[in-house]
Amino acid sequence: ANLESKTLTTTIKAFGQGLAEVTKEERQLMQQVFEDKSLDVSLATHFNSSQIAESMTALIKGGMDMEQVVNGAAEANAYFAQINEILPQAAANGTAKFAAGFGLINEEIMEGMDLVTKYSDATIADALAMQQNIGNAAAVAAAAWKGKDKLEIAEQTIQLVAATKYMAGD
């Protein structure tokens, strides 16, 4: 509980919202939501609640708000990490960039992470490297294919990255 408390305080300070602007009750409620979510996700994966709390903090530092983290991003990140045998903290920055780049929210983030895993499994591309690099290309892809569904743009970008990785062979 102490780690989560320090993590939440750090998160609040990191986004310029002074602790004086948040009432004690609001802070306690946010802390409880944060702790409950990290425990729930840890029970559904093989990660402990401290690892999940650290990854949730990294998602928030990556630009996601608390609501987005507790409504899908924490689970999507943890499942992606578990399936690809990496730590959730290592995947969090890429998950945040990926979601922001394509404008994904809630269950769309899970679908996007599933697509990354699917295509990395079908090629020689590493899932974590693919996830992190696709976030960099997302804005360009979204502009080039504007008018298409966000997940369709994400999938086509993933396909291009996977094919490029396959062709480059590195």
Side-chain angles (χ1 to χ4, degrees), residues 7 11 33-170:
T7 302
T11 300
V33 168
F34 192 90
E35 289 173 2
D36 290 349
K37 180 52 75 172
S38 64
L39 181 61
D40 289 347
V41 175
S42 73
L43 292 172
T45 64
H46 64 253
F47 303 114
N48 65 47
S49 62
S50 294
Q51 291 171 308
I52 298 300
E54 288 176 31
S55 70
M56 289 171 63
T57 299
L59 289 169
I60 292 169
K61 285 181 178 180
M64 292 184 169
D65 61 31
M66 181 75 146
E67 185 178 339
Q68 192 174 11
V69 171
V70 299
N71 288 330
E75 290 94 339
N77 185 70
Y79 293 142
F80 176 80
Q82 182 168 289
I83 290 167
N84 292 291
E85 300 178 350
I86 55 178
L87 291 174
Q89 305 93 305
N93 186 48
T95 298
K97 284 178 19 181
F98 185 90
F102 293 110
L104 304 178
I105 57 170
N106 303 337
E107 57 276 340
E108 292 172 334
I109 300 170
M110 182 76 77
E111 292 177 51
M113 295 296 92
D114 287 347
L115 288 170
V116 172
T117 298
K118 172 183 162 185
Y119 284 100
S120 71
D121 285 348
T123 66
I124 62 169
D126 174 70
L128 182 59
M130 184 188 271
Q131 175 219 36
Q132 292 172 340
N133 291 320
I134 288 170
N136 296 332
V140 175
W145 290 318
K146 59 184 158 194
K148 288 187 177 188
D149 176 74
K150 296 182 285 188
L151 282 169
E152 185 179 353
I153 294 170
E155 183 168 15
Q156 290 176 350
T157 306
I158 293 165
Q159 290 171 345
L160 287 172
V161 170
T164 304
K165 180 73 173 174
Y166 179 75
M167 297 304 285
D170 60 331

| message | With ring-ring contact (aromatic ring centres under 6.0 Å, His included) as the rule and sequence neighbours excluded, what pairs involving residues 49-95 come up? | response | none
| request: Using the side chain to side chain contact (heavy atoms under 4.5 Å, CB included) rule, take Leu128 and Asn84 through it: C-alpha gap first, then chi angles, then the decisive distance, then the call. | output: CA-CA 8 Å; Leu128 182 59; Asn84 292 291; over 6 Å; no
| message | With no hydrogens and no angle check, just 3.5 Å: does a side-chain donor-acceptor pair link Gln131 and Thr95? | response | yes
| At their closest point, which heavy atom of Gln132 faces which heavy atom of Ala90, and how far apart are they? | NE2-O, 3.5 Å
| message | What I'd like to find out is whether the side chain of Ser42 reaches to under 4.5 Å of the side chain of Phe47, using heavy atoms alone. | response | no
| Any side-chain heavy atom of Met66 within less than 4.5 Å of one from Ile60? | yes
| remark: Hits for ring pair (Phe, Tyr, Trp, His ring centres under 6.0 Å) against Phe102, two or more places apart or cross-chain, chain-then-number order -> Phe98
| Does Gln156 reach the main-chain N or O of Ile153 with its side chain, forming a donor-acceptor pair under 3.5 Å? | no
| Any donor-acceptor pair under 3.5 Å linking the side chain of Gln82 with the backbone of His46? | yes
| query | Between atom OG of Ser38 and atom CG of Asn48, what is the distance when rounded to the nearest 0.5 Å? | reply | 9.5 Å
| task | Compare all side-chain heavy atoms of Glu155 with those of Lys118 and state whether any distance is below 4.5 angstrom. | result | yes
| query | Got a donor-acceptor contact below 3.5 angstrom from the Glu54 side chain to the Gln51 backbone? | reply | no
| Are any non-hydrogen side-chain atoms of Leu39 and Glu35 less than 4.5 angstrom apart? | no
| Mind checking whether Ser120 and Asp126 have side chains closer than 4.5 Å, heavy atoms only? | no
| field | Close side-chain approach of Met56 and Val70, heavy atoms under 4.5 Å | value | yes
| remark: Sorted by chain and number, sequence neighbours left out, salt bridge (charged side-chain N to carboxylate O under 4.0 Å, His left out) with Lys97 holds for none
| Those residues that, when tested against Glu107, pass side chain to side chain contact (heavy atoms under 4.5 Å, CB included) (two or more places apart) | Glu111
| task | Would you please name every residue forming a side chain to side chain contact (heavy atoms under 4.5 Å, CB included) with Asp149, sequence neighbours left out? | result | Leu151, Glu152
| message | Could you report the tightest heavy-atom contact between Ala162 and Thr123, atom names first, then the distance? | response | CB-CG2, 3.8 Å
| Are any of the side-chain heavy atoms of Glu75 and Thr45 separated by less than 4.5 Å? | no
| remark: Separation between CG (Leu115) and CE (Met130), nearest 0.5 Å, reads 10.5 Å
| task | Would you please name every residue forming a side chain to side chain contact (heavy atoms under 4.5 Å, CB included) with Asn133, sequence neighbours left out? | result | Ala129, Asn136
| field | Spatial distance of atom CD (Gln68) from atom CG (Leu104) [nearest 0.5 Å] | value | 9.0 Å
| said: In the structure I gave you, are the side-chain heavy atoms of Asn77 and Leu59 within less than 4.5 Å of one another anywhere? | reply: yes
